[in-house]
Amino acid sequence: MPLPLSKRPAWAEIDLDALASNVRKIRSLIGPDVRFYAVCKNNAYGCGAAECAATMLHAGVDAFAVSDPDDAERIRDAGIHASILLYGATTPDQAEAIADLGLIVTIHDQQGLEAFEQLKRSVQVHVEVDCGYGRLGFVPEEWPAVFERLQQSRHLDVMGLYTHLVRAEDKLAIDRQVQRLDRAIADARAAGFQDLETMAASSRILLGYPELNLTAINPGRALYGMMEQPWLDGLTFDPVIRSIKSRVLQVKTLPADFEVDDVRHMADPGRLKTAVIAFGFKDGLPAQPDGGTVLVRGQRARIIAGRATEHTILDVTDIPDVVPGDEVVLVGAQGGNRITAAQAVQFYGMPMIELMARMSLSVPRIYSGGA
Ligand SMILES: *Cc1c(COP(=O)(O)O)cnc(C)c1O
């Protein structure tokens, strides 16, 4: 019984041993001198940054990367002092408060650069260059001047430069972006930065373009077992969110002459047996009228009718002996049957890192294994 009896029965099970194993697998793919930043944005992709950080350090990561200062605080509050890189996430007026957090700060535009410079205190920074994403970062024509400016800075301690590559599935697009990245590195060298950390490897790049594991990597989804095809190619990463679960609240067969406003009841009056479960929008379950099965008593039960805030209705007509209190598995294994995260992605039509995190972050998380 993972939840206290008094709690609403909806929860996620997080497997820290799977996380450690994924970290070791990635560590084994890279050189011993490559700095391994574990991305912990979105509260470690829904797995809980505070709980995951120590396990990841033990298993071989060197540092962390986050986009939200709250995630950095979660890691610090867990008593962890390793370096944390903050991706672009704050505005120039927040520079002082951010400097107080003791992170490696991303410098991605002129205003941010000057805001940190004007603090007149030592701040570790990473420079983000835009090689074709069009999101954050300096564009190529700015690079020579930016690196010159940083070379003259008396306060900003430049650790490295990074970029986030897009369209990893398109080799030509990656080649174009990498040519620009090479220029950024050359511009930094020309300004006198000889041994900057250089980083471009999110999970897909790490696995699909091993030649781009420069002096540092920053994978996220692979750590948490959320890689989707076609990137896996013989490798497996264990799901860290091992399951998303709930319980049956009520089972009933509506009488044939009982009128309800649901077509599926009306199509089969008097026969449809339903189970209502304690899981709905509040728990991150997406609205997707057609599709979705869950496991009850080891068998697949279809989600029917509209999903509500805290409840969802299942068709359990062909599953004998379902009673209130029965465990329901939305993602995970039960009785020799399994719903994988990849199948859930098919049901709910949402990227895995979004779907799994939104459910996991909406319910209590229960941890097993780990450092
Ligand atoms: C999210 C993110 C990553 C990690 O991406 P994954 O695809 O989850 O591995 C790397 N770099 C930046 C800048 C990011 O925002």
Side-chain angles (χ1 to χ4, degrees), residues 22-41 56 59-67 82-88 103-108 124-140 142-144 146-147 150-151 156-223 227 231 233 235 237:
N22 295 341
V23 166
R24 285 192 295 266
K25 224 167 257 181
I26 293 172
R27 184 85 249 180
S28 74
L29 297 174
I30 60 176
D33 300 330
V34 173
R35 192 149 193 241
F36 185 169
Y37 287 84
V39 181
C40 292
K41 66 188 179 198
M56 290 200 274
V61 313
D62 301 305
F64 299 98
V66 300
S67 289
S83 296
I84 303 176
L85 167 63
L86 180 68
Y87 293 140
L103 309 174
I104 303 171
V105 170
T106 292
I107 299 293
H108 55 83
Q124 288 191 325
V125 304
H126 238 273
V127 181
E128 182 170 10
V129 291
D130 186 347
C131 293
Y133 194 154
R135 197 171 67 176
L136 296 171
F138 291 99
V139 295
E142 298 177 285
W143 295 340
V146 164
F147 289 112
L150 286 167
Q151 190 56 251
L156 303 183
D157 176 11
V158 183
M159 312 283 299
L161 70 84
Y162 74 87
T163 193
H164 197 38
L165 303 174
V166 279
R167 301 220 342 251
E169 66 287 354
D170 179 346
K171 170 108 177 55
L172 289 176
I174 292 295
D175 284 348
R176 269 196 306 277
Q177 294 168 74
V178 169
Q179 277 175 21
R180 295 193 183 114
L181 177 62
D182 288 341
R183 248 183 57 213
I185 295 170
D187 286 345
R189 291 214 171 109
F193 291 108
Q194 294 308 321
D195 346 279
L196 288 188
E197 215 166 72
T198 50
M199 179 162 77
S202 61
S203 301
R204 293 167 181 184
I205 301 299
L206 172 79
L207 299 177
Y209 302 85
E211 68 281 9
L212 288 182
N213 305 338
L214 302 168
T215 67
I217 61 165
N218 59 342
R221 66 188 82 194
L223 293 170
M227 286 304 284
W231 298 101
D233 196 23
L235 273 176
F237 293 98

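The figures that follow rest on heavy atoms only: side chains count, while hydrogens, waters and symmetry mates do not.
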Quick one, [X] and [Y] - any side-chain contact, counting heavy atoms below 4.5 Å?
X    : Y    : result
V178 : E211 : no
L207 : M227 : yes
T215 : V34  : no
R189 : I185 : yes
Y87  : H164 : no
V127 : L196 : no
M56  : C40  : yes

Provide the closest heavy-atom pair for [X] versus [Y] in the form atom of the first, atom of the second, distance.
X    : Y    : value
R183 : P140 : NH2-CB, 3.4 Å
V61  : A38  : CG1-CB, 3.9 Å
V166 : G132 : CG2-O, 4.0 Å
L136 : G88  : CD1-O, 3.5 Å

Looking at [X] and [Y], would you say the former's side chain and the latter's main chain have a donor-acceptor pair under 3.5 Å?
X    : Y    : answer
T163 : A200 : no
R167 : K171 : no
W231 : G208 : no
Q179 : R176 : no

Supply the atom-to-atom distance Y209 OH to L165 CG, rounded to the nearest 0.5 angstrom.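 With rounding to 0.5 Å, OH (Y209) is 9.0 Å from CG (L165).
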Mutual orientation of the aromatic rings belonging to F147 and F193 [parallel < 30°, tilted 30-60°, perpendicular > 60°]: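 Because their plane-to-plane angle is over 60°, the rings of F147 and F193 count as perpendicular.
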Are any of the side-chain nitrogens in R180 or D187 under 4.0 Å away from the carboxylate oxygens of its partner? no
Taking atom CG as the centre, does D175 end up with more than 12 heavy-atom neighbours from other residues, nucleotides or ligands that are less than 6.0 angstrom away?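 Result for CG/D175: enclosed.
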Side chain to side chain contact (heavy atoms under 4.5 Å, CB included) evaluation trace for F138 with L161: CA-CA 11 Å; F138 291 99; L161 70 84; over 6 Å; no
